[in-house]
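First the structure, in the form of structure tokens, and then the observations on it.
Below, read A as the first sequence line, B as the second, and so on, with proteins coming before strands; counting in each chain starts at 1. Basis for what follows: all heavy atoms, side chains included, without hydrogens, waters or symmetry-related copies.
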2 protein chains.
Amino acid sequence: MSGTATKARDRHQEILDAAARVITERGLAETRIADIAERAGVSPGLILYYFDSKDRLLAEALTYANDQFYLRMSREIRRISSAREQLRRLIDLSVPGYLPEYGRLDEWALWVEVWVRALRDPEMAKDREALDQRWRSQIAEIIRAGQTSGEFTSEVPAEELALRLACLIDGLAIQVVMNDPQVTPERMHRTCMEVAANELGFRL
Amino acid sequence: MSGTATKARDRHQEILDAAARVITERGLAETRIADIAERAGVSPGLILYYFDSKDRLLAEALTYANDQFYLRMSREIRRISSAREQLRRLIDLSVPGYLPEYGRLDEWALWVEVWVRALRDPEMAKDREALDQRWRSQIAEIIRAGQTSGEFTSEVPAEELALRLACLIDGLAIQVVMNDPQVTPERMHRTCMEVAANELGFRL
DNA sequence: CCCGAGTTTGAACGGCGAGTCAAGTCCGAG
DNA sequence: CTCGGACTTGACTCGCCGTTCAAACTCGGG
């Protein structure tokens, strides 16, 4: 019984995982069920045995992958005590291709796909909003922690600072993930750190 | 002779225009040739008489529309003398849905489509880079003008400030165009103005 | 008035890929 | 061992467009 459930859950995740990978490589529009099946090492029919439709699968895969990314980041940051170091780590992880070991799933490419889809799909829009909400809250929390510990100083409310930082990161990450030669990962990193230092009143 | 050329050019633009509109409404992925034809008031066959393929047409339509937007903004800003007012106007125009009269083509929705496509299509990537380059230069120029006129003060180079502002605007505009309840057009506008005032050393 | 090049039409074609299904295979329970 | 339900397969169907094309239309010049 639990054997069955476990196996089924694995398949489910395996397929979501395969889907996320294929989407990252080929883009949402060019992703075929056959591609996902091949990547997962199963037959095309099985994909539709576990998911009602290609569309639902793709939507689930997008939120799933972004969820994973958020959880990984969240876990890592919780281990750090200094708010300044937490913020630095958050920025490290946000710059596409900055940390060599994390080069795998290009989360930002998936984000762009989420945005496109969220423009028309209310379901996706809801998920996106929740995801972004968490992302900003994560940043806000770090800022608040730094404010109480005295590491950061600012008259601007933490929520507003978090919004500024989150959006700056978003905007810069787009340029980086697009391979804009003017916005290298290093430059994005430096810019984020400088703005943070400036807004939060600490020296680099 | 010029009659023919004029007519052909008109059709060309008419179709690009129709395409841009349909893409804005339905999204790149859901845009069919038949939709564009209907919107342009011609038969589907004619679309492929003027464009080699659907794909090329869509790519052209995206850059065409963004080009138009940039040119409109650029023209408007050139008429303003004060750098501070130029910057305010640039921000006004950048906030989706802030100015009621400009509510029509939601340029930012098209931008997201550009990004998705640029991730895989080198042609589109090149266009995107050029477009973004101009966008940042526009901002940088305003900043430099304000610095020489004494309206702005900052030790940070204009190019770097322009990057920060451009990316902040991008990131915020995404939230706004996604209808995030936490990021209203008004809030985006306020945030942009505050950051600009802060970074450029002027009072609101 | 008529010819022909440039336009415009819409019906027809063809390929592609999502979703279906009937037939297996696997595996645990009895 | 055997039965049955869950799981898996891959060939098939079916509808949807992108694209093609032959026929019609327009209109300016001769």
Should we say atom [atom1] of [X] is surrounded by more than 12 heavy atoms from elsewhere, each under 6.0 Å from it?
X        : atom1 : result
A:Glu123 : CD    : no
A:Arg56  : CZ    : no
B:Arg39  : CZ    : yes
B:Gln147 : CD    : yes
B:Arg32  : CZ    : yes

Quiz item: Mind checking whether B:Ile23 and B:Leu110 have side chains closer than 4.5 Å, heavy atoms only?
Solution: yes

Self-check item: A:Glu76 vs A:Arg89 side-chain heavy atoms within contact, under 4.5 Å
Solution: yes

Rounding to an integer number of Å, can you tell me how far [X] [atom1] sits from [N] [atom2]?
X       : N      : atom1 : atom2 : value
B:Leu46 : D:dC25 : CG    : C1'   : 13 Å
A:His12 : D:dA6  : NE2   : P     : 16 Å
B:Glu30 : D:dG18 : CD    : P     : 11 Å
A:Tyr50 : D:dT9  : OH    : C1'   : 13 Å
A:Ile15 : D:dC7  : CD1   : P     : 11 Å
A:Ile36 : C:dG17 : CD1   : P     : 13 Å
A:Glu38 : D:dT9  : CD    : C1'   : 16 Å
B:Asp10 : C:dT8  : CG    : P     : 10 Å

Quiz item: Hey, is the side chain of B:Arg11 poking within less than 4.0 Å of OP1 or OP2 on C:dT8, counting only N and O atoms?
Solution: yes

Quiz item: Given C:dT8, is OP1 or OP2 found less than 4.0 Å from the side-chain N or O atoms of B:Tyr49?
Solution: no

Exercise. Describe, as an angle rounded to 10 degrees, how the axis at the first end of the helix from C:dC1-D:dG30 to C:dG30-D:dC1 is tilted relative to the axis at the last end, five pairs per end.
Key: 10°

Quiz item: Where the side chain of A:Arg32 is defined as all heavy atoms beyond and including C-beta, which of D:dT9, D:dC17, C:dA18 is the nearest nucleotide?
Solution: C:dA18

Practice problem: State which of C:dG10, D:dT9, D:dA6 makes the closest approach to the side chain of B:Ser43. | Solution: C:dG10

Using nucleotides 19-24 of chain C, report all nitrogen or oxygen pairs with the protein that are shorter than 3.5 Å.
residue : atom : partner : partner atom : Å
C:dG19  : OP2  : A:Lys54 : N            : 2.8

Exercise. Among residues two or more places apart or on two chains, list those pairs meeting ring pair (Phe, Tyr, Trp, His ring centres under 6.0 Å) that have a residue in residues 156-184 of chain A.
Key: none

Quiz item: Taking the six-membered ring of B:Tyr70 as reference, does the NZ or CZ atom of B:Arg134 fall below 6.0 Å from its centre and within a 45° cone about the axis?
Solution: yes

